[in-house]
Amino acid sequence: MRLAIDSGKLLYALGVLFAAAALLYFVRDVVFDLSITVKAALLLLGFVALFVAGVALERDVLDVVAFALSGVTYVVFAGYVVVRYSPGETGTFLLLAASAGLFVGLGYALRAGIPTPSRQTAAVALGGLLVVSGVLVGADALSGGVTYEVQTNGSVTVPAPEAGESQDRYPYIEAEIGAVTASNPSPFLRALDLPSLSGCLVGPTDHPQDSVYVDTDIQWDEDTIGASTTKSYAVTAELPIDPNRTEPKTYAVERDIDCSAERSEPTIAIQVDEGDTLD
């Protein structure tokens, strides 16, 4: 049996799939330096624009394609809001329930035969949505992104190992060596991506390895920072303790020197890789 495939509809379907993939890539926060708030607003405006286009179009199945794109855009918008704003179980339920009511209402309106806007009216509406989008993007750009400041202590002192500590390995102690401050001056929720920190020991040391594990006390699921908010996170390092030592030991702390540097005293060299962080 020969299958009859409408090549035009097939291409339309592929277009919808690629549009969905582009939207998912857009919300992964790897392109465009936009805040979370503005991205969510642009998705919602895109949903409205595509729905208006679907109502205004009367050619072939382009109206169906526009409605499909509109629906996909709204689904991505709802998912993005749930993931990035973490509204909780009740908030997620209310969003889903409201979304169900919205689409049932829109479907009923279409079936009931809502008046089709003229091309001029549709163009004005789409132009207004475009202007609003431009204002949001402009405000986002002018408000500035998240800035990060890494401050390190001049030195840190670690105590001697406790009595009874194993003599066949080097114990470690976690010590606070500085802080990372994140500031969001804009009125929008933004993504939080602290600089990557690494460290090593230079100068005279009594430890066979020079690597130092450096981390911050940020929560594992904390990836956003609110509008006009400043947060500070402690920077800690796991420092080795010679099990045979009986006195405290002091390490100097220096930023932006590499592990090949020479120092006359035990020193923790801290490297900061800020990278390209996008909202």
Side-chain angles (χ1 to χ4, degrees), residues 29-36 141 143-162 165 169-186 188-279:
D29 296 330
V30 294
V31 292
F32 306 118
D33 190 11
L34 296 173
S35 68
I36 295 171
S143 63
V146 181
T147 58
Y148 303 95
E149 182 181 3
V150 180
Q151 296 178 326
T152 55
N153 301 333
S155 63
V156 62
T157 300
V158 296
E162 297 180 1
E165 194 75 56
R169 65 182 181 86
Y170 276 75
Y172 286 82
I173 186 171
E174 187 177 271
E176 185 173 328
I177 61 172
V180 178
T181 301
S183 300
N184 177 19
S186 77
F188 307 114
L189 180 73
R190 289 189 176 274
L192 180 65
D193 187 10
L194 297 184
S196 176
L197 303 176
S198 58
C200 58
L201 296 176
V202 298
T205 65
D206 51 16
H207 191 254
Q209 295 183 357
D210 61 359
S211 62
V212 175
Y213 179 71
V214 181
D215 199 7
T216 60
D217 65 349
I218 187 173
Q219 298 295 318
W220 68 271
D221 59 347
E222 187 176 359
D223 58 0
T224 61
I225 181 170
S228 304
T229 300
T230 297
K231 293 184 177 181
S232 184
Y233 304 91
V235 177
T236 58
E238 290 188 356
L239 301 174
I241 306 176
D242 184 348
N244 298 314
R245 183 164 50 81
T246 59
E247 297 293 332
K249 185 170 185 177
T250 299
Y251 293 90
V253 182
E254 290 190 40
R255 269 194 58 185
D256 302 327
I257 62 172
D258 56 35
C259 298
S260 62
E262 296 183 0
R263 292 294 184 271
S264 60
E265 59 179 344
T267 302
I268 307 171
I270 302 298
Q271 294 86 38
V272 180
D273 181 13
E274 298 185 8
D276 297 324
T277 59
L278 296 179
D279 292 334

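Quick caveat: nothing in here was measured; it's all calculated off a predicted structure. In this chain, residues are counted from 1 in sequence order.
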Salt bridge (charged side-chain N to carboxylate O under 4.0 Å, His left out) partners of residues 258-268, not counting sequence neighbours, each pair once
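Pairs touching residues 258-268 that pass the test: E254-R263.
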Mind listing the closest non-hydrogen atom pair of [X] and [Y] along with its distance?
| X | Y | value |
| --- | --- | --- |
| A237 | I177 | CB-CD1, 3.8 Å |
| P204 | S264 | CG-O, 3.6 Å |
| D256 | V272 | OD1-N, 4.3 Å |
| L192 | A182 | CD1-CB, 3.7 Å |
| G199 | I270 | CA-CD1, 4.3 Å |
| V158 | A175 | CG1-CB, 4.4 Å |

Look up atom [atom1] in [X] and atom [atom2] in [Y], then write down how far apart they are to the nearest 0.5 Å.
| X | Y | atom1 | atom2 | value |
| --- | --- | --- | --- | --- |
| D223 | I36 | CG | CD1 | 6.5 Å |
| S183 | I225 | OG | CD1 | 6.5 Å |
| T267 | I257 | OG1 | CD1 | 6.0 Å |

Could you tell me whether the side chain of P185 reaches within less than 4.5 Å of the side chain of S228, counting heavy atoms only?
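The answer is no, as the side chains (C-beta and beyond) never meet within the 4.5 Å cut-off.
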Contact check, side chains of V214 and S198, non-hydrogen atoms, under 4.5 Å:
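No. Closest side-chain heavy atoms not under 4.5 Å.
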Main-chain N/O of [Y] paired with [X] side-chain donor or acceptor, under 3.5 Å:
| X | Y | value |
| --- | --- | --- |
| Q271 | L197 | no |
| Y148 | D193 | yes |
| D217 | A234 | yes |
| N184 | T229 | no |

We want to know whether T181 and E149 form a side-chain donor-acceptor pair, criterion being a heavy-atom distance below 3.5 angstrom.
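Side chains of T181 and E149: no pair found under 3.5 Å.
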